[in-house]
Amino acid sequence: MGFDDEWGALRAAAATRTTDPVADPYETARTAAQQRLTDLRGSTLLIPSDPQDGAWTARFGGMDWICAFTDEEALYRFAVARDEADREWPFRRVIGARLLDEVLPALDFPCGVALNAAGPDGAVYPPVRGIVPDAAALDGERAA
């Protein structure tokens with residue numbers, strides 16, 4: 001087979017080949033974020049206690065964040081990063097959905113969730129619509 005014949009065969013094959021649609025990067029990222037939120041809502045989280053036996057928070061970007069961890073290893077990495085691994089870190093276990101739907105809305109200040117801070121799989125969940133109830137969201141009813 002000569003070049004012209006081979007080229008013609010390749011062009012004919014390409015013309016009949018179906019291609020998969022290109023994935024929309026926005027939709028891909030949106031789906032991944034929704035899946036992470038779904039996973040968070042169904043997880044049992046470790047919430048360290050502050051000295052007053054409340055949820056331990058950190059202030060970042062002008063807002064408070066409840067630090068939550070998926071397991072003791074993630075909490076330990078956080079303690080090491082803070083150079084506080086030698087102290088006791090009491091914690092309580094809370095289901096993610098309860099944290100987002102009940103605990104955050106009960107606070108009298110805006111507060112998000114920092115998940116697995118100081119870890120490779122860390123994420124933040126700000127108090128906005130779609131994450132917390134609209135009445136507790138910064139961009140929801142209470143914000144108006």
Asker: Rounded to the nearest 0.5 Å, how far apart are CG of Leu100 and CG of Leu37?
Answerer: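 If I round to the nearest 0.5 Å, the distance is 6.5 Å.
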Asker: Write out all pairs satisfying salt bridge (charged side-chain N to carboxylate O under 4.0 Å, His left out) with one or both partners inside residues 109-124, taking only residues at least two apart or from two chains.
Answerer: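 The answer is Arg77-Asp121.
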Asker: Hey, what do you get for OG1 (Thr57) to CD1 (Ile47), rounding to the nearest 0.5 Å?
Answerer: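 Spacing of OG1 (Thr57) from CD1 (Ile47) equals 11.0 Å.
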Asker: A quick test of your reading: do over 12 heavy atoms of other residues, nucleotides or ligands sit less than 6.0 Å from CD of Glu84?
Answerer: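 Counting other residues, nucleotides and ligands, CD of Glu84 exceeds 12 neighbours.
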Asker: When rounded to the nearest 0.5 angstrom, what distance separates CG in Asn116 from CG in Leu45?
Answerer: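 Asn116 atom CG to Leu45 atom CG measures 8.5 Å (nearest 0.5 Å).
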Asker: Name each donor-acceptor pair under 3.5 Å that joins a side chain in residues 22-30 to protein atoms two or more places apart or in another chain, with its distance.
Answerer:
from, atom 1, to, atom 2, distance (Å)
Asp24, OD1, Tyr26, N, 3.2
Thr28, OG1, Asp24, O, 3.0

Asker: Please collect all side-chain hydrogen bond (donor to acceptor under 3.5 Å, both in side chains) contacts where either partner lies in residues 41-52, sequence neighbours excluded, each pair once.
Answerer: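 Pairs touching residues 41-52 that pass the test: Arg41-Asp101.
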Asker: Could you report the tightest heavy-atom contact between Cys67 and Pro48, atom names first, then the distance?
Answerer: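 Closest heavy-atom pair between Cys67 and Pro48: O-CD, 3.2 Å.
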Asker: Taking side chain as C-beta onward, heavy atoms only, is Phe78 less than 4.5 Å from Trp56?
Answerer: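 Counting from C-beta outward, Phe78 and Trp56 do come under 4.5 Å.
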Asker: Any side-chain heavy-atom pair from Phe91 and Leu75 closer than 4.5 angstrom?
Answerer: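 Side chain of Phe91 against side chain of Leu75, heavy atoms only: contact under 4.5 Å found.
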Asker: Would you please test Trp89 and Phe69 for ring pair (Phe, Tyr, Trp, His ring centres under 6.0 Å) and show each step?
Answerer: CA-CA 12 Å; Trp89 283 81; Phe69 302 91; 7.8 Å; no
Asker: For the residue pair Gly112 and Pro127, what are the closest heavy atoms and their distance?
Answerer: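 For Gly112 and Pro127, the tightest heavy-atom pair comes out as CA-CD, 3.8 Å.
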Asker: For Arg93, check side-chain hydrogen bond (donor to acceptor under 3.5 Å, both in side chains) against everything at least two apart and list the hits.
Answerer: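 Expected list: none.
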Asker: When clusters are formed by joining ILVMFWY residues with side-chain heavy atoms under 4.5 Å apart, either directly or through shared neighbours, do Leu107 and Ile95 land in the same one?
Answerer: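 No.
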Asker: Has the side chain of Arg129 got a donor or acceptor atom that lies under 3.5 Å from a matching backbone atom of Asp139?
Answerer: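 Here the side-chain-to-backbone pair exists.
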Asker: Are Val128 and Leu40 linked, directly or through intermediate hydrophobic residues, by side-chain heavy-atom contacts shorter than 4.5 Å (ILVMFWY only)?
Answerer: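 Yes.
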Asker: First locate atom CG of Leu104, then atom CZ of Phe109, and finally report the distance between them rounded to the nearest 0.5 Å.
Answerer: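 It is 9.0 Å, given to the nearest 0.5 Å.
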Asker: Does atom OH of Tyr76 have more than 12 heavy-atom neighbours from other groups under 6.0 Å away?
Answerer: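 No, OH of Tyr76 has 12 or fewer neighbouring heavy atoms, counting only those of other groups under 6.0 Å.
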Asker: Applying salt bridge (charged side-chain N to carboxylate O under 4.0 Å, His left out), can you list everything that pairs with Arg59, at least two apart in sequence or on another chain?
Answerer: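 Result, salt bridge (charged side-chain N to carboxylate O under 4.0 Å, His left out) vs Arg59: Asp64.
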Asker: Excluding sequence neighbours, so at least two apart, what forms salt bridge (charged side-chain N to carboxylate O under 4.0 Å, His left out) with Arg36?
Answerer: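 Checked Arg36 against salt bridge (charged side-chain N to carboxylate O under 4.0 Å, His left out); zero matches.
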Asker: With a 4.5 Å heavy-atom cut-off, do Leu99 and Val113 have their side chains touching?
Answerer: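 Yes - at least one pair of side-chain heavy atoms lies under 4.5 Å apart.
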Asker: Nearest 0.5 Å, what's the CZ-OG1 distance between Arg11 and Thr16?
Answerer: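 Here the rounded value is 12.5 Å.
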Asker: I'd like to check Val132 versus Leu138 (side-chain heavy atoms, cut-off strictly below 4.5 Å). Are they in contact?
Answerer: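 In short, these two side chains do not touch, never coming nearer than 4.5 Å.
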Asker: Within a reach of under 6.0 Å around CZ of Arg98, are more than 12 heavy atoms found that belong to other residues, nucleotides or ligands?
Answerer: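 Counting neighbours around CZ of Arg98, 12 or fewer heavy atoms of other residues, nucleotides or ligands fall under 6.0 Å, so no.
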